[in-house]
Amino acid sequence: MSSPLLDSGEKITPWYKQFWPWFLLSLLFSSIIVSSTFAVLSIRTADGMVVQEDYYEHGKAINMVFAKQERARELNLSAELRLDPLTSDIVIDLAGDTHPDTLYLDFIFPTEDDRDQSFVLEHVRDGRYVTQGPDNMRYRWYIQLQPEQQEADWRLVGEATFPNENSVALLPGGRPDSE
């Protein structure tokens with residue numbers, strides 16, 4: 001059985017021996033495989049940002065945070081955090097009306113709660129607190145500083161991207177107003 005001829009005299013090859021049908025089918029199958037992979041990953045991976053507790057209790061906790069920040073304002077508190085890139089020391093200079101013996105510092109990763117880190121800083125002199133930090137700190141972090149681990153009287157907050165920033169201001173109400 002011979003292949004049919006075109007008007008120009010060329011043979012017509014069957015569809016399965018041509019490039020374009022296989023190329024188009026490969027695009028279709030690759031999109032099916034990729035979308036199936038993402039569907040499986042989205043089902044098996046937990047979303048750490050979803051709050052699964054009582055929303056009323058969560059709202060009360062937000063009001064407590066505002067009260068802590070207001071108390072820090074009343075005490076005229078502010079702090080400057082520095083992370084030494086060579087020694088990984090965390091140095092905080094606290095300015096204000098109070099200087100507790102220890103401070104609790106929390107680095108909160110915005111999207112993955114299992115990457116959060118907590119540190120205890122010891123008062124060394126004149127409002128300066130020091131502790132050993134993590135090696136090779138990277139990415140963006142929310143920062144909280146308070147005098148006690150639980151039930152703190154006041155709280156200072158800030159935001160930083162490491163290793164780019166030399167010093168970070170920790171203030172009662174979060175980031176300073178942009179000028």
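Note that this is a predicted model, so its numbers are computed, not measured.
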Do you know which of L121, I92, L145, D93 makes side-chain contact (heavy atoms from CB on, under 4.5 Å) with L81? I92
Does a sphere of radius 6.0 Å around CG in D101 hold more than 12 heavy atoms from other residues, nucleotides or ligands, not counting ones at 6.0 Å or beyond? no
Evaluation steps, side-chain contact (heavy atoms from CB on, under 4.5 Å), between T98 and W154: CA-CA 11 Å; T98 183; W154 54 265; 3.9 Å; yes
4.5 Å side-chain heavy-atom contact, L94 and L156: yes
Quick one: does Q132's side chain have a donor or acceptor within less than 3.5 Å of a partner on T87's backbone? yes
For F119 and F107: C-alpha separation, side-chain torsions, deciding distance, then whether ring-ring contact (aromatic ring centres under 6.0 Å, His included) applies. CA-CA 8 Å; F119 301 96; F107 285 101; 5.8 Å; yes
If we only count heavy atoms from C-beta on, is the E122 to V130 side-chain gap below 4.5 Å? no
Please report the interatomic distance CD(E74) to CD(Q69), rounded to the nearest 0.5 Å. 12.5 Å
Can you see whether Q146 engages R155 through a side-chain donor-acceptor pair at a distance of less than 3.5 angstrom? yes
Joint cluster assignment, L171 & Y104, ILVMFWY side-chain distance < 4.5 Å: no
Out of curiosity, S167 OG to R82 CZ, how far, rounded to the nearest 0.5 Å? 7.0 Å
Which heavy atom in D135 sits nearest to a heavy atom in S88, and how many Å separate them? OD1-OG, 3.0 Å
Rounded to the nearest 0.5 Å, what separation is found between the OG1 atom of T13 and the CD atom of Q18? 4.0 Å
Set out, in order, the CA-CA distance, both residues' side-chain angles and the distance that settles side-chain contact (heavy atoms from CB on, under 4.5 Å) for V91 and D84, then state yes or no. CA-CA 8 Å; V91 179; D84 189 326; over 6 Å; no
Inter-residue atom distance Q144.CD - L103.CG, 0.5 Å rounding: 13.5 Å
For the residue pair F162 and R140, establish whether any side-chain heavy-atom pair is separated by less than 4.5 Å. no
Let me check something: do M64 and L75 share a hydrophobic cluster, defined by ILVMFWY side-chain heavy atoms less than 4.5 Å apart, either directly or through other members? no
Side-chain touch P134/I90, heavy atoms, less than 4.5 angstrom: yes
S36 side chain reached by I32 side chain, heavy atoms, under 4.5 Å: yes
Student check: side-chain heavy atoms of Y142 and V157 closer than 4.5 Å: no
Do D116 side-chain atoms and F109 backbone N/O form a donor-acceptor pair below 3.5 Å? yes
CH2 of W20 to CG of L24, rounded to nearest 0.5 Å, is 7.0 Å
Look at the side-chain heavy atoms of Ile, Leu, Val, Met, Phe, Trp and Tyr, link any pair under 4.5 Å apart, and say whether I33 and I43 land in one connected group. no
Once the angle between the rings of F19 and F23 is folded into 0 to 90°, is it parallel (under 30°), tilted (30 to 60°) or perpendicular (over 60°)? parallel
Flag, side chain of S42 to backbone of A39, donor-acceptor distance under 3.5 Å: yes
Could you tell me whether the side chain of P100 reaches within less than 4.5 Å of the side chain of H123, counting heavy atoms only? no
Between D106 and I108, is there a donor-acceptor pair closer than 3.5 Å when you use the side chain of the first and the backbone of the second? no
Ignoring hydrogens and angles, tell me if any N or O in the side chain of W22 forms a donor-acceptor pair with the backbone of Y16 under 3.5 Å. yes
Side-chain heavy atoms of T131 within contact of V120, under 4.5 Å: no
Hey, could you give me the CZ/CG distance between R71 and D153, rounded to the nearest 0.5 Å? 5.0 Å
